[in-house]
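Below: the structure, in structure tokens.
Here is how names work: the chains are called A, B, and so on, in the same order as the sequence lines, proteins then strands, and each is numbered from 1. Please read these numbers as outputs of a predicted model, since none were measured by experiment.
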Amino acid sequence: MKYWLMKSEPDDISIDDLRDSPNHTMAWQGIRNYQARNFIRDDITHGDQVLFYHSSCKVPGVVGIATVVSQPTLDESAFDPQSRYFDPKSEPDKPRWWQVDIQFTAKLNQIVSLQQLKSDPALQDMVLVTKGARLSVQPVSADEFAHIVMLGQ
DNA sequence: GCCAACGTTGGC
DNA sequence: GCCAACGTTGGC
């Protein structure tokens, strides 16, 4: 099993939105970054665990846990001119973008803020706290995952 | 809202 | 294939 961190702007899609979705499940669409796409297409599998991260908000940080509940599939929103995620360069016979379904697992009792993540010696190797850190889908180690869940209790 | 850091595009 | 211009991300 692998572990991931996925970012979302809570004004757009929050952990509560995920929890309140049918079957507590959402198609994670709209990834439009190649590195993140590669993780989704090539590495994520059904059953992987996800740290749900709120970005671009008052207190950015990890707020919950989700589970990957599908294999990677084509992101059809890229083909839909009505969609906000429409990408005219992704054509059905030459698809560019991929998605998975994720299901709400739990909210952390308390947010593990970016500030906390940055200052924790156990988490200095996290992708999130290194370099640009702009990846919206990024790998997390089993130790990092367990540590963050512990901090959120 | 600012802006640094990063990614993408497209002319050459 | 280089790189300048532009767009986006996301913390602050």
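In this structure, the ring of A/Phe52 has its center less than 6.0 angstrom from the ring center of A/Trp28.
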> Should A/Leu108 and A/Val62 be marked as a side-chain contact (heavy atoms from CB on, under 4.5 Å) after you check the CA-CA gap, both sets of side-chain angles, and the distance that decides it?
Replying inline: CA-CA 8 Å; A/Leu108 298 181; A/Val62 176; 3.8 Å; yes
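Inspection of the A/Thr67 and A/Gln49 side chains reveals an N or O donor paired with an N or O acceptor under 3.5 Å. A donor-acceptor pair shorter than 3.5 Å cannot be found between the side chains of A/Asp101 and A/His46. Side chain to side chain, A/Ser77 and A/Asp75 meet the donor-acceptor criterion of an N or O pair below 3.5 Å.
Contacts between chain A and DNA chain B, taken as any atom within less than 4.0 angstrom of a protein heavy atom, begin and end at B/dA5 to B/dG10.
Map A/Arg134 and A/Lys89 each onto its nearest nucleotide of DNA chain B; the residue landing nearer the 5' end is A/Arg134.
Within 4.0 Å (heavy atoms only), A/Lys118 reaches sugar-phosphate atoms of the nucleic acid but no base atom.
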